[in-house]
Asks: 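Here it is: the structure, laid out below.
Within every chain, numbering begins at 1; the chains are lettered A, B, ... in the order of the sequence lines, protein sequences first and strands thereafter. As the structure is a computational prediction, the values presented were derived from the model and not from experiment. The figures that follow rest on heavy atoms only: side chains count, while hydrogens, waters and symmetry mates do not.
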Amino acid sequence: AQKITQTQPGMFVQEKEAVTLDCTYDTSDPSYGLFWYKQPSSGEMIFLIYQGSYDQQNATEGRYSLNFQKARKSANLVISASQLGDSAMYFCAMREGGSYNYGQNFVFGPGTRLSVLP
Amino acid sequence: NAGVTQTPKFQVLKTGQSMTLQCAQDMNHEYMSWYRQDPGMGLRLIHYSVGAGITDQGEVPNGYNVSRSTTEDFPLRLLSAAPSQTSVYFCASSYGGRVTDTQYFGPGTRLTVL
């Protein structure tokens with residue numbers, strides 16, 4: 001079963017508007033971390049933001065914020081004031097705790113391609 | 001800090017050739033991993049290491065070997081290249097395997113096998 005679901009294969013947003021990229025996850029572990037990465041057309045994977053399952057507040061990093069709804073198992077990325085340089089693939093990922101197989105405990109979603117329109 | 005570095009950036013091989021993709025990190029991270037990224041398949045774990053001298057298989061290990069003789073380096077060897085190994089390869093590292101440990105990625109190697 002998919003542990004990370006990103007239901008939006010592609011999205012468009014107008015420059016300077018806010019956009020929300022959806023991510024839902026599946027785990028029975030009470031301890032986990034959620035990560036978002038950006039992959040521009042140049043190909044590198046850039047870490048954006050982290051949210052821990054026990055964090056009381058939603059994470060924020062500059063124009064990026066995470067709308068974390070634990071009961072719904074969702075961790076949506078919100079990008080405020082979109083810029084042309086935000087056009088990229090965005091991946092949601094999860095690392096589960098309580099696993100003895102730590103090397104394999106990082107899982108990625110399929111990604112959402114965001115296009116920012118001028 | 002250079003972070004995670006990978007060489008080469010691009011490589012073209014003929015079927016049957018062997019080669020080594022290099023990966024190094026200067027963050028003193030214990031955990032290192034190799035992923036391949038294919039269209040529509042996302043990122044798939046090939047091999048990983050939780051410390052020098054310790055490696056294990058991921059989801060798609062066939063056709064690849066790894067070793068970890070130092071904390072810094074984690075090379076990936078293709079034993080006999082096949083067209084199915086045409087992909088983009090990413091090396092990643094993290095301090096450890098805790099839920100708070102972010103994985104940082106190298107710039108990737110784009111490999112084409114003819």
Side-chain angles (χ1 to χ4, degrees), chain A residues 2-6 9-10 23 25 27 29-55 59 61 64 66 68 70 75 88-113, chain B residues 2-6 8-10 23 27 29-51 53-61 66 68 74 87-111:
Chain A
Q2 286 276 3
K3 289 218 167 196
I4 301 281
T5 303
Q6 295 180 254
C23 171
Y25 57 91
T27 181
D29 202 315
S31 176
Y32 52 90
L34 297 156
F35 305 80
W36 276 91
Y37 289 86
K38 172 184 179 181
Q39 187 177 39
S41 57
S42 51
E44 69 270 32
M45 293 282 285
I46 303 166
F47 165 67
L48 294 177
I49 194 167
Y50 164 82
Q51 178 84 46
S53 60
Y54 292 120
D55 292 344
E61 287 286 348
Y64 304 109
L66 217 150
F68 180 47
K70 195 169 179 177
M89 279 289 282
Y90 289 82
F91 293 93
C92 180
M94 175 174 66
R95 195 194 278 277
E96 294 173 285
S99 166
Y100 293 106
N101 204 358
Y102 289 125
Q104 298 200 66
N105 67 348
F106 209 99
V107 292
F108 289 87
T112 294
R113 183 170 298 281
Chain B
V4 182
T5 58
Q6 290 182 240
K9 278 196 73 75
F10 301 93
C23 174
M27 298 177 281
H29 283 174
E30 285 297 319
Y31 281 49
M32 296 185 76
S33 301
W34 276 102
Y35 293 88
R36 59 178 289 173
Q37 185 179 32
D38 303 291
M41 303 290 287
L43 282 140
R44 293 184 291 170
L45 183 65
I46 305 171
H47 284 285
Y48 64 95
S49 169
V50 299
I54 308 169
T55 63
D56 206 344
Q57 297 180 349
E59 182 185 353
V60 288
V66 292
R68 183 105 179 264
F74 190 42
S87 188
V88 179
Y89 291 85
F90 287 100
C91 179
S93 75
S94 64
Y95 181 77
R98 298 166 301 179
V99 297
T100 53
D101 290 329
T102 302
Q103 272 201 118
Y104 296 96
F105 285 79
T109 294
R110 187 174 293 275
L111 176 68

Asks: Assess whether atom CZ of A:Phe47 is packed by more than 12 heavy atoms of other residues, nucleotides or ligands within 6.0 Å.
Replies: yes
Asks: Given the options A:Pro9, A:Gly43, A:Ser42, which has more heavy-atom pairs under 4.5 Å with chain B than any of the others?
Replies: A:Gly43
Asks: Measure A:Gln6 against the heavy atoms of chain B and call it side chain, backbone, both or neither at under 4.5 Å.
Replies: neither
Asks: Have a look at B:Ile46 and tell me which of B:Tyr35, B:Phe90, B:Tyr89 forms a side chain to side chain contact (heavy atoms under 4.5 Å, CB included) with it.
Replies: B:Tyr89
Asks: Backbone N or O of A:Pro30 within a donor-acceptor pair of the A:Ser53 side chain at under 3.5 Å?
Replies: yes
Asks: Tell me if the CZ atom of B:Arg44 is crowded by more than 12 foreign heavy atoms within 6.0 Å.
Replies: yes
Asks: Name the region of B:Gln57, side chain, backbone, both or neither, that has any atom closer than 4.5 Å to a heavy atom of chain A.
Replies: backbone
